[in-house]
Amino acid sequence: MFGLIDCNSFYCSCEQIFRPDLRGKPVVVLSNNDGCIVARSKEAKALGIPDLEPYFKLEPLLKKHGVHVFSSNYALYGDISARVVDTIRQFASDVEVYSCDESFVRPIDGLFGNYQEYGQQIKKAIWKQVRIPVGVGIAQTKTLAKLANKAAKKIPKLNHVCVLEREDQREWLLRKAATKDVWGVGSRVSKRLADMGIHSAWDLANANTKHLRTQFNVTLERTVEELNGVSCLELDEQPSPKKQIYCTRSFGEKQSELEPIKQAVALYASRAGEKLRKQNCLATNMLVFLQTSPFGENHYSKSATIKLPYPTDDTRVLIAYATFAISQLFRKGYQFQKAGVGLIDITDKSNIQVDLFTPAQSLRSDKLMSLIDQVNSSFGRDTLFCAAEGTKKKWSMKQMKRSPMFTVDWSDLPLAACT
DNA sequence: TCTGGGGTCCTAGGACCC
DNA sequence: TCTGGGGTCCTAGGACCC
């Protein structure tokens with residue numbers, strides 16, 4: 001069996017920990033740059049506020065209903081997420097942290113008599129220890145656990161825990177669910193399925209897999225197997241290293257000069273390098289892109305892939321190549337909105353093929369990079385950084401309504417009033 | 001006054017080479 | 001005179017996830 005623990009409206013729930021007065025009230029959290037709404041509390045959803053809509057379009061509606069709005073505070077959410085995972089580990093030895101608000105577990109059989117009680121205990125513990133509400137889904141496969149989790153949140157009588165053990169329970173839920181509710185089936189595929197007469201998850205589970213395979217791909221075939229209780233996706237405690245690593249951001253304000261864009265791209269390259277070193281890998285190719293807003297007129301978007309001089313994770317090399325590339329992509333007379341750096345063709349550091357005739361990354365580079373990472377992990381990100389990233393950062397993102405970093409920064413520690 | 005997220009993986013199609 | 005295969009690299013864009 002697999003369990004999936006998923007935090008309810010995670011970013012909103014994080015904000016509510018420190019603002020208990022906002023519990024039961026409509027709350028939304030915005031994406032980077034205060035661009036879109038990316039999290040809505042139950043009450044905000046009930047007001048009909050859509051997901052991933054631009055904030056400025058919905059501002060009047062939000063004001064009208066007195067919705068509380070927060071900019072995203074990823075440092076805080078990351079810390080709360082780690083606390084939730086710590087609690088989950090008290091209930092399972094095998095945990096896959098799937099995203100910041102979701103973890104798969106292999107439930108320990110008979111720990112609380114039955115799975116229903118097991119789920120309830122986890123839910124209670126996370127609320128008690130972290131003050132985050134969660135839903136729990138337990139079933140034979142990950143895909144079914146995902147679906148059960150959705151049901152746990154939607155159907156009140158389930159009390160936030162949904163267990164699919166018996167055949168009739170599985171059929172009941174699959175008949176209720178649409179194909180687009182199934183993990184791995186997006187809007188595009190669900191539309192094509194509908195044209196084939198496949199509407200519910202139950203229809204999908206009973207479809208001809210061979211036919212689906214020719215029309216779609218292996219992934220969908222696996223999904224069908226999983227819906228039928230045949231486990232194809234294992235619990236991945238150590239997710240495999242990324243094959244591509246990206247860092248892309250919209251600028252706080254549109255940029256028309258090269259210099260600030262170069263600084264931003266230097267920062268993105270450096271962030272991508274941090275991620276690369278974390279998974280002990282080197283990159284041989286880099287992708288850099290620059291674009292104006294796709295919504296405006298006269299849209300300009302260009303990317304370039306560059307071969308690095310040798311497989312590397314050295315921030316200085318990454319920055320040098322990324323800033324060179326961005327200078328080539330840059331054109332005068334445009335209002336640029338976004339840029340990004342991607343590291344592609346990633347190989348494990350331990351099995352790099354060395355070339356007799358070209359230089360490889362030096363030991364000195366390795367030492368310097370690990371020193372920088374250590375310092376930044378002890379004293380805070382950006383304690384040491386490359387000057388190319390700039391110090392003024394006029395292009396950095398807009399966050400008008402960010403809450404304090406309560407549990408992450410000493411100076412933001414909440415105060416308890418004594419009366 | 002203006003405003004529209006970020007990350008990963010995959011594939012189609014064009015250009016070029018032998 | 002006309003026609004032809006196969007591989008690699010690059011770019012753009014689709015699809016899905018949170």
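Below, chain A is the first sequence line, B the second, and so on; all start at residue 1.
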Quiz item: Roughly how far apart, to the nearest Å, are B:dC18 and C:dG4 at atom C1'?
Solution: 13 Å

Exercise. Once you apply the 3.5 Å cut-off to both distances, tell me the Watson-Crick or G-U wobble partner of B:dC16, or none.
Key: C:dG7

Self-check item: A:F295 aromatic ring stacked with six-membered ring of B:dG4, 5.5 Å and 30°
Solution: yes

Quiz item: Can a side chain N or O of A:T248 be found less than 4.0 Å away from OP1 or OP2 on B:dG7?
Solution: yes

Quiz item: Would you say A:S31 reaches B:dG4's phosphate, i.e. side-chain N/O to OP1/OP2 under 4.0 Å?
Solution: no

Quiz item: OP1, OP2 of C:dC18 versus side-chain N and O of A:W183: anything below 4.0 Å?
Solution: yes

Quiz item: Want to settle it: does A:C247 or A:K57 sit nearer the 5' end of DNA chain B, counting the closest nucleotide to each?
Solution: A:K57

Exercise. For A:S99 and A:D101, test the side chains for any donor-to-acceptor distance below 3.5 angstrom and give the result as yes or no.
Key: yes

Quiz item: Heavy atoms under 4.0 Å, any strand shown: does A:L52 hit a base, just sugar-phosphate, or nothing?
Solution: base

Quiz item: Does B:dG5 have OP1 or OP2 sitting under 4.0 Å from an N or O in the side chain of A:Q337?
Solution: yes

Quiz item: Should the pair A:R106 and A:F2 be classed as cation-pi, given the thresholds of under 6.0 Å to the six-membered ring centre and 45° from the axis?
Solution: yes

Self-check item: Short side-chain N/O contact from A:K243 to OP1 or OP2 of B:dG7, under 4.0 Å
Solution: no

Practice problem: May I ask you to verify if any side-chain N or O of A:S303 is less than 4.0 angstrom from the OP1 or OP2 atom of C:dT11? | Solution: no

